[in-house]
Asks: 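Supplied in structure tokens, the structure appears directly below.
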2 protein chains.
Amino acid sequence: MASIKDVAAEAGVSVATVSRVLNDHPSVSADARTRVLAAVKTLGYRPNAVARSLRTDQTHTLGLVISDVLNPYFGELARSVEEEARALGYSVIIGNADERPDLQDHHVRSLIDRRIDGLLVSPTDGGSPLMLDAVRAGTPMVFVDRWIPGVAVPVVRADGRAAVRELVAHLHALGHRRLAIIAGPAATTTGQERVVAFREALEAYGLELPETYIGQGDFQAESGRRVTEGFLDLPEPPEVVFAADNLMALGALDAVRARGLRVPEDLALAAFDDIPWFVHTDPPITAIAQPTGELGRAAVRALVDRIEGRPPESVTLPARLVVRRSCGENPTPVQRSTS
Amino acid sequence: MASIKDVAAEAGVSVATVSRVLNDHPSVSADARTRVLAAVKTLGYRPNAVARSLRTDQTHTLGLVISDVLNPYFGELARSVEEEARALGYSVIIGNADERPDLQDHHVRSLIDRRIDGLLVSPTDGGSPLMLDAVRAGTPMVFVDRWIPGVAVPVVRADGRAAVRELVAHLHALGHRRLAIIAGPAATTTGQERVVAFREALEAYGLELPETYIGQGDFQAESGRRVTEGFLDLPEPPEVVFAADNLMALGALDAVRARGLRVPEDLALAAFDDIPWFVHTDPPITAIAQPTGELGRAAVRALVDRIEGRPPESVTLPARLVVRRSCGENPTPVQRSTS
DNA sequence: CCTCCTTGTGGAATCGATTACACGACCTCG
DNA sequence: CGAGGTCGTGTAATCGATTCCACAAGGAGG
């Protein structure tokens, strides 16, 4: 593969001049410029990004560490992150942590070794020493969706509290009084927050959230199934299950079906994180939709601001309730699914 | 960030010795080794992968260019690729081409500029000059799922012909005679092949595939909807629609629903590419399942073989039919969905 | 006409690693 | 006891770019 020296030789100039042309530095004569550009074209020369990065200490690459690529929510997030990054001249390396802190650390380390310019993380846990070190060492970082409390890193996320209140209002209006939740891992902020928001919303209606109605899940489908079976085995099973993410909702749906029961007649179901497939399930599932694309773009902008020396901003966007049929017919017309 | 020089100074040895310890070269004294390792630990030193890559001309990074991360099929592929690559000591940079040749070229170029060791591509088209140049220039490459005919690059893919025959047998046994297909882009091999396989399978039953029953889609949901509406407007609409991928099947489902019709009573539906959600749609969708994880792993192994100087092998794995309820009740017991 | 400045260019240092080569110390064997 | 190895180490070249600095040529101004 041709190097800058080959181009210099072909154009009859020094490597310095070639470099100047390539980085359009002002003081290059028109003559030299055209000769260099011609040489570049005939040789099919492309600058070696590795060498350039070594010298400039910039890779124009961002790292994105998420917990599960197979979750459509994170898939969409990854897509929007890549788009915005591309628009700003950056590439993205995605690391899939699979909800495992050790894998998360592996990716963070590997990305830092590669000298990415900045890191977008949706932490799977309360903060590994490695990640805290990275922050302390000055690695530009932004948290997306989830975050680690007490760490001075901008956070870009959705606030679901209003939507959860709406959801509870909707459920209450449908006559449901025994409401249960499948929570996410306590180590994640989203895992905790959604429980808190749910409990607070219930209190507004004078309803309680007993311990038996809080199932411990891990954001994966299988845990949703397991927890739901536990609920159904209770002497007094709940009338509604609210899953803190879409995959656990799917597991819940499985569990209900496996017993020959029906949604919403025997058990109503709602989920956090809306995804296109929820329109097509049987029945279509009522869910709280995050502005995923906007979150991804805002996160990239915040990170690039930080990288390029501008003050980065934390961003919180509202989530909204999308009512479908999984909690009962005749929904209060809060908001209807459009698609 | 500490460099190898700092470590050398701290340990009281030369950089060469540090490098030898790090790459566990045999001729280093035990004494020097322990001093270097101690220095590495106290400084928290990590080798700069950029500098190392420049010198060794290896990045231990693979590029993966796929057409749509939001498609669960490619999501799963990406995941298995990353897993296998990680097991073999490589990282993966994913480029999302969105079925657009220009974006595909953008990513290929960007990956080559970054000097990735090899490229995994699922081409969106018949082969851009850029990609052909890359092959000619000797960039290690492997095609996954789709490929470009006439190019000397190993291909890892699934053969769906047997499964398509099974599907047609299943449909025929259910009494369906008017079968239509929503095809993928003609520029992709998978787009063409699935039509050919379908037609051949029909011929075995003395059935024809008229032009009006071949709808042109682009692997996106919206095109599935559009094509299905066209089918339903036909004077003699088909009894079955076979979508060449999962997203177009979803669009088809939408189109049927929008007219107040039902699957499978009014129109039966089957899809290429099985995904977890198909179990939960209304009705569950009969689909042809590719061994996606195995494809991803095989592709990585082939690429790494090529990179490390071993002869790479093309791999073709069989796809299989998973019968659910979207083509009619009482399915012939060819194979039942398990989950 | 001589200085001073601007403009264009090249030489060489630099980024952080790897590695060929040289060299001194010590060992072994005839 | 000396020749020839082996072992451990350091010096320096190298990868492909960017960029500081020096310098030559030419123009402007006194």
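Letters go in sequence order (proteins before strands), and every chain restarts at 1. Computed over heavy atoms, backbone and side chain alike; hydrogens, waters and symmetry mates excluded.
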Asks: Listing request: all ring-ring contact (aromatic ring centres under 6.0 Å, His included) pairs with a residue in residues 93-114 of chain B, at least two apart in sequence or in separate chains.
Replies: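 Found none.
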Asks: Checking side-chain polar atoms at under 3.5 Å, does B:Asp68 have a donor or acceptor matched by the opposite partner on B:Tyr73?
Replies: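 No, because no side-chain N or O of B:Asp68 sits under 3.5 Å from a partner of the opposite role on B:Tyr73.
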Asks: Specify the angle, to 10°, made by the local axes at the two ends of the helix from C:dC1-D:dG30 to C:dG30-D:dC1 when five pairs are taken at each end.
Replies: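 One end's axis against the other's: 50°.
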Asks: Looking at A:Glu294 and A:Arg301, does any basic side-chain N land under 4.0 Å from a carboxylate oxygen?
Replies: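 Looking at A:Arg301 together with A:Glu294, the answer is yes, because their closest N to O distance falls below 4.0 Å.
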Asks: With sequence neighbours left out, what residues match B:Ala134 under side-chain contact (heavy atoms from CB on, under 4.5 Å)?
Replies: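 If we apply the side-chain contact (heavy atoms from CB on, under 4.5 Å) test to B:Ala134, skipping adjacent residues, the hits are B:Ile112, B:Thr139, B:Met141.
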Asks: Heavy-atom count check: over 12 atoms from other residues, nucleotides or ligands less than 6.0 Å from A:Asp57 CG?
Replies: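 Counting neighbours around CG of A:Asp57, 12 or fewer heavy atoms of other residues, nucleotides or ligands fall under 6.0 Å, so no.
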Asks: Can you give me the closest heavy-atom contact between B:Glu99 and B:Thr124, atom names plus distance?
Replies: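 Closest heavy-atom pair between B:Glu99 and B:Thr124: CA-CG2, 3.6 Å.
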Asks: At under 4.0 Å between heavy atoms, how does the protein contact nucleotides 9-17 of chain D? Give one character per nucleotide, 5' to 3', with B, S or -.
Replies: BBB-BBBBB
Asks: What pairs meet the side-chain hydrogen bond (donor to acceptor under 3.5 Å, both in side chains) rule with one or both residues in residues 307-317 of chain A, with sequence neighbours excluded?
Replies: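 As it turns out, the side-chain hydrogen bond (donor to acceptor under 3.5 Å, both in side chains) pairs with a partner in residues 307-317 of chain A, which skip direct neighbours, are A:Tyr90-A:Glu308, A:Asp305-A:Arg310, A:Glu308-A:Arg310.
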Asks: For the pair B:Glu76 and B:Arg79, find out whether any cationic side-chain nitrogen is under 4.0 Å from an anionic carboxylate oxygen.
Replies: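 Looking at B:Glu76 and B:Arg79, the cut-off is not met.
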Asks: Using atom CG of B:Asp24 as one end and atom C1' of C:dA17 as the other, report the distance to the nearest whole Å.
Replies: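 Taking CG of B:Asp24 and C1' of C:dA17, I get 16 Å after rounding.
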Asks: Would you list the protein and nucleotides 4-6 of chain C atom pairs, both N or O, that sit under 3.5 Å from each other?
Replies:
none

Asks: CG of A:Asn23: more than 12 outside heavy atoms within 6.0 angstrom?
Replies: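 Enclosed: over 12 neighbouring heavy atoms sit under 6.0 Å from CG of A:Asn23.
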Asks: Is a salt bridge present between B:Arg46 and A:Asp113, judged by a nitrogen-to-oxygen distance below 4.0 Å?
Replies: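 Looking at A:Asp113 together with B:Arg46, the answer is yes, because their closest N to O distance falls below 4.0 Å.
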